[in-house]
Amino acid sequence: MKSVGAHMGFDIGGTGPFTPGYIVVFDDIGVYHENGYYFGAQAGTCTSTPKDLYCTFTFYHEEHGSISFQGLFHSMTITGGTGCFEGARGSLIGSFSTDEADTYYHKIHAKF
């Protein structure tokens, strides 16, 4: 997925991005699938731990509702949903990559 929106990082530990204590706050107005399909929007926070990111965030879709996740980025749990996501259970697995322009991409696989 590719996200378009605002991201703000706070370096609590004083050692640079994505080191323990680094916090990212995001509010993306556009979240797109690899094939260009517009999914909706997302907002949340992630805090770096020694081995992963601990995140809490929600995806929003205008027509279908929202779905929320919490946990380590590489293994999050669905914590709630509305609309067609109401009652959803399962997990989400995430991974990051960057391109030459330092644009961050994340891939997410959800299991319901």
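As the structure is a prediction and not an experimental result, all values here were calculated from the model.
Rounding to the nearest 0.5 angstrom, the gap separating the CZ atom in Phe26 from the SG atom in Cys46 is 4.5 Å. In this structure, His64 NE2 and Phe59 CZ are separated by 14.5 Å, a value rounded to the nearest 0.5 Å. Rounding to the nearest 0.5 Å gives a distance of 11.0 Å between CD of Gln70 and CZ of Phe57. Atom-to-atom distance recorded for Met76:CE and Asp52:CG is 8.5 Å, nearest 0.5 angstrom.
Residue Phe73 forms a side-chain contact (heavy atoms from CB on, under 4.5 Å) with just one option from Thr49, Leu53, Leu92, and that option is Leu53.
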Exercise. Determine, stepwise, if the pair Thr45 / Val24 fulfils side-chain contact (heavy atoms from CB on, under 4.5 Å).
Key: CA-CA 6 Å; Thr45 63; Val24 178; over 6 Å; no
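The closest side-chain donor-acceptor pair between Ser66 and Thr82 falls under 3.5 angstrom.
Contacts classified as disulfide bond (SG atoms under 2.5 Å apart) and involving residues 59-94 (residues at least two apart or in different chains) are not found.
Residues Pro50 and Pro20 share a closest heavy-atom pair of CA-CG, 3.8 Å.
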